[in-house]
2 protein chains.
Amino acid sequence: MSVTLKDVAQAARVSVSTASRALTGTGLTSERTQQRLVRIARELGYRPNPIARGLKTGQSRLVALLVHNLTNASFQVMAEVVQARLKALGYQMLLCIGGDDPQAESDTLTTLVDHRIDGLIVVPTGKNGAQLKALSKDVPIVCLVRRDDATDLETVLADDPQGAYLGTRHLIELGHKRIGLIVGRQDTTSGRERLSGYVRALREAGIARDDTLIHAGHYVPETGATCARKLLDLPRPPSAIFVANHEATLGVLRVTAERNIAIPDDLSLLCYEDMPWFEWHRPAISIVDNGARDLANLAVDRLLHRMDVKGNGNDGVREYRVGARLIKRDSCRQIDAPAPAKSGKSKSSSSKSSATKSAKV
Amino acid sequence: MSVTLKDVAQAARVSVSTASRALTGTGLTSERTQQRLVRIARELGYRPNPIARGLKTGQSRLVALLVHNLTNASFQVMAEVVQARLKALGYQMLLCIGGDDPQAESDTLTTLVDHRIDGLIVVPTGKNGAQLKALSKDVPIVCLVRRDDATDLETVLADDPQGAYLGTRHLIELGHKRIGLIVGRQDTTSGRERLSGYVRALREAGIARDDTLIHAGHYVPETGATCARKLLDLPRPPSAIFVANHEATLGVLRVTAERNIAIPDDLSLLCYEDMPWFEWHRPAISIVDNGARDLANLAVDRLLHRMDVKGNGNDGVREYRVGARLIKRDSCRQIDAPAPAKSGKSKSSSSKSSATKSAKV
DNA sequence: CGATAGACTGCAAACGATTGCAGAAACGCT
DNA sequence: AGCGTTTCTGCAATCGTTTGCAGTCTATCG
């Protein structure tokens with residue numbers, strides 16, 4: 001079927017071993033035969049069989065990435081980044097989708113090690129700590145985005161406390177005093193951390209924490225909508241909402257649209273994590289970028305490092321934090337200005353965002 | 001390291017071959033030893049090594065999916081579907097991202113066959129027909145979404161002519177006579193087909209084709225924006241725009257926002273392919289659903305079929321079409337009603353969208 | 001009772017590479 | 001020339017399975 005090492009060796013009238021050494025470039029072969037073999041191999045179109053090689057060396061040139069889904073924009077860019085990096089290094093990426101389901105995660109993990117993957121980057125559900133720990137003896141593993149507290153695996157995390165702090169402070173600086181927070185479940189690291197950043201910014205600014213302004217739930221549009229309604233139905237509704245997740249943002253936008261609440265005139269909106277269409281949306285939505293791209297890159301770096309060092313060389317560091325950054329667009333507005341006649345929370349549609357409108361069409 | 005067939009055989013005091021036969025269930029072994037071996041294997045936690053098996057059998061239990069990117073919502077759901085289906089069958093999915101770049105595609109293809117993948121589902125760039133054709137002798141291949149005209153590979157396509165026809169007809173039925181079309185490059189099948197569907201609907205309705213209303217370009221937001229501007233700058237701008245791609249839709253929305261064009265009051269908008277946020281957007285965007293999920297499922301079906309039949313059993317059919325369907329939401333409006341005073345293409349921001357605003361908040 | 005078919009089982013050779021070990025060739029040195 | 005190095009090459013084993021072939025055992029039948 002395809003050209004094997006044996007064919008090359010025969011064509012060159014040398015033994016298979018010599019051919020192998022010449023082509024893998026171990027330096028144990030003479031310059032002349034080396035070049036000759038390389039030439040012949042090329043002429044014959046020889047391509048080494050990774051399966052056979054893998055059997056002997058125990059490596060597969062396969063690295064797996066296990067994420068929850070692909071609808072999440074962060075996971076998308078991570079998958080793209082990981083794939084690109086690995087490909088450049090001659091690895092193939094096995095992309096697995098666990099759906100945040102412990103059982104599926106567990107199954108997937110075992111098949112992956114069966115396949116003798118050379119490395120694994122995983123967004124853990126947090127329910128398979130024991131298994132992950134056991135696996136990490138055989139395969140280099142790096143956790144991404146979430147930590148699995150039952151393990152001591154190297155983990156690359158977004159700096160959620162800082163990101164949430166940054167975002168909240170931004171809103172405070174714009175003059176907001178009542179800032180609604182829609183945040184993730186409090187039994188996840190990120191949920192807790194984002195809340196803590198928010199609280200810290202409030203405290204620093206000397207603003208009292210008001211628990212009626214804080215709502216936690218799953219990262220889905222429905223939750224966003226529900227929480228937004230609760231916030232807006234408050235006797236004294238917030239002047240700004242910080243949505244700590246992009247999926248939930250969809251729900252919030254829906255509610256503001258339904259109720260005809262103009263952003264940012266009637267309500268400022270700040271979102272955690274980017275989505276491609278946020279900057280095309282009108283108004284373009286300001287965000288705290290969790291640095292998905294950097295996260296993925298760092299995870300790959302760490303994984304490669306571990307794969308090199310072999311033997312699970314722990315160099316002490318267990319946790320890496322990737323800084324978040326604020327990207328200001330048009331969905332948050334200054335609020336402390338002495339309200340001019342037509343501004344404030346009227347239903348006017350003529351503030352900053354629309355001031356530059358052309359009458360074109 | 002891990003327990004091998006030899007270990008199992010030893011524990012059971014049989015030869016490796018017997019163990020192999022018992023565990024793979026060839027039926028060539030006595031009921032009793034069969035069950036005994038299965039038991040022992042389980043007790044020892046034996047897991048067959050796919051690499052070793054692959055070396056012998058020439059199969060890898062790996063199926064590759066090669067798409068252009070993951071930002072495209074259709075590709076996302078396809079990837080999810082393919083992954084789920086394959087996993088259920090004990091295959092792992094190799095997800096590759098080609099970026100619609102012929103060179104990358106070509107490279108990827110060769111590494112994939114190196115890895116002895118058992119099957120391939122590919123969204124071809126159309127520039128590597130020869131290679132694909134050659135590969136298809138070794139590996140079952142199914143093309144998805146796009147056809148590669150240089151090959152006779154089995155291909156699963158969206159019914160673009162029908163989808164475009166459906167969408168256009170919908171707009172016509174709503175009374176639109178001048179319908180702008182923003183469509184893909186005309187050197188792609190889908191680009192041409194979507195145009196043809198549009199043209200057919202027009203013809204059927206007895207509306208003359210107006211080429212100033214038709215713009216083609218890449219499926220990216222920028223193109224959408226550029227084309228939208230051209231359309232809106234026309235002396236007689238269209239009353240509806242049919243955007244034959246969701247990415248381009250972003251650009252269109254941006255332009256309508258910039259120019260304060262209310263949808264659907266000032267302009268009806270219909271989009272090809274769904275995106276998760278379209279139904280959360282306000283107004284919710286009407287679409288022609290290309291049936292990404294069905295496409296992926298069918299592609300997997302066909303691939304499995306080919307993998308079974310082995311020897312590239314062609315059963316004649318070369319092309320499968322998956323029907324598109326119209327999903328009406330809120331971005332298209334009836335236009336033939338005798339225009340009331342305040343409608344039309346004024347720059348007013350006070351049509352339906354803002355008329356119902358509550359002063360809430 | 002012996003022959004023979006049938007049902008299991010084991011031996012050993014693959015699959016395509018890598019690699020330890022030892023032999024061969026080439027070289028420099030005295 | 002003889003000897004020790006060094007450098008290169010080939011043999012053969014190995015990785016963990018599968019599988020053709022031949023051998024063993026039992027049971028059945030004439």
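Chain A is the first sequence line, chain B the second, and so forth, proteins listed ahead of strands; every chain is numbered from 1. Below, each value reflects all heavy atoms present in this structure, side chains not excepted, and no hydrogens, waters or symmetry copies.
Rounding to whole angstrom units, CZ of residue B:Arg61 and P of D:dT17 are separated by 15 Å. Put simply, OH on A:Tyr46 is 10 Å from C1' on C:dT18, counting in whole angstrom units. Taking atom CG on B:Asp7 and atom C1' on D:dC15, their separation rounds to 13 Å, with Å as the unit. Distance, A:Gln35 CD to D:dC8 P: 13 Å, rounded to whole Å. The CD-P distance, from B:Glu31 to C:dC8, rounds to 9 Å in whole Å. Summarising the geometry, the separation between CZ on A:Arg116 and P on D:dG16 is reported as 8 Å, rounded to the nearest angstrom. Between the CG atom of B:Leu5 and the C1' atom of D:dC15 there is a distance of 13 Å, rounded to whole Å. The distance from atom NZ of A:Lys6 to atom P of C:dT18 is 15 Å, rounded to the nearest whole Å.
Nearest-nucleotide assignment on DNA chain C puts the 5′-proximal partner with B:Ser30, out of B:Ser30 and B:Leu55. Between A:Thr4 and B:Leu28, the residue anchored closer to the 5' end of DNA chain C is B:Leu28, taking for each the nucleotide with the nearest heavy atom.
Taking every side-chain heavy atom of A:Ser15 into account, D:dG10 is the closest of D:dT17, C:dG16, D:dG10.
Contact check, B:Thr29 against C:dT9: a side-chain N or O comes under 4.0 Å of OP1 or OP2. Taking 4.0 angstrom as the limit, A:Thr33 places a side-chain polar atom (N or O) nearer than this to OP1 or OP2 of D:dT9. Taking only side-chain nitrogens and oxygens, B:Arg53 never comes nearer than 4.0 Å to OP1 or OP2 of D:dG16.
Side-chain contact between A:Tyr91 and A:Leu62 is absent, with no heavy atoms from C-beta onward closer than 4.5 Å. With a 4.5 Å cut-off on side-chain heavy atoms, B:Gln83 and A:Leu95 do not count as touching. Residues B:Ser60 and A:Ile51 are in side-chain contact: their nearest non-hydrogen atoms beyond the backbone lie under 4.5 Å apart. No side-chain heavy atom of B:Thr4 sits less than 4.5 Å from a side-chain heavy atom of B:Asn49. Looking at heavy atoms from C-beta onward, B:Val123 lies out of side-chain contact with B:Leu66 at the 4.5 angstrom threshold.
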(request) Let me have a per-nucleotide readout for nucleotides 19-28 of chain D, 5' to 3', with B, S or -, counting only protein heavy atoms under 4.0 Å. (result) BB--------

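A donor atom on one side chain and an acceptor atom on the other are not found under 3.5 Å apart for A:Thr155 and A:Glu319.
Residue contacts shown for B:Pro48 are limited to sugar-phosphate atoms, with no base heavy atom under 4.0 Å away.
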(request) Verify salt bridge (Lys or Arg N to Asp or Glu O under 4.0 Å) between B:Arg302 and B:Glu154, making sure each step is shown before the conclusion. (result) CA-CA 8 Å; B:Arg302 295 313 308 160; B:Glu154 205 163 315; 2.5 Å; yes

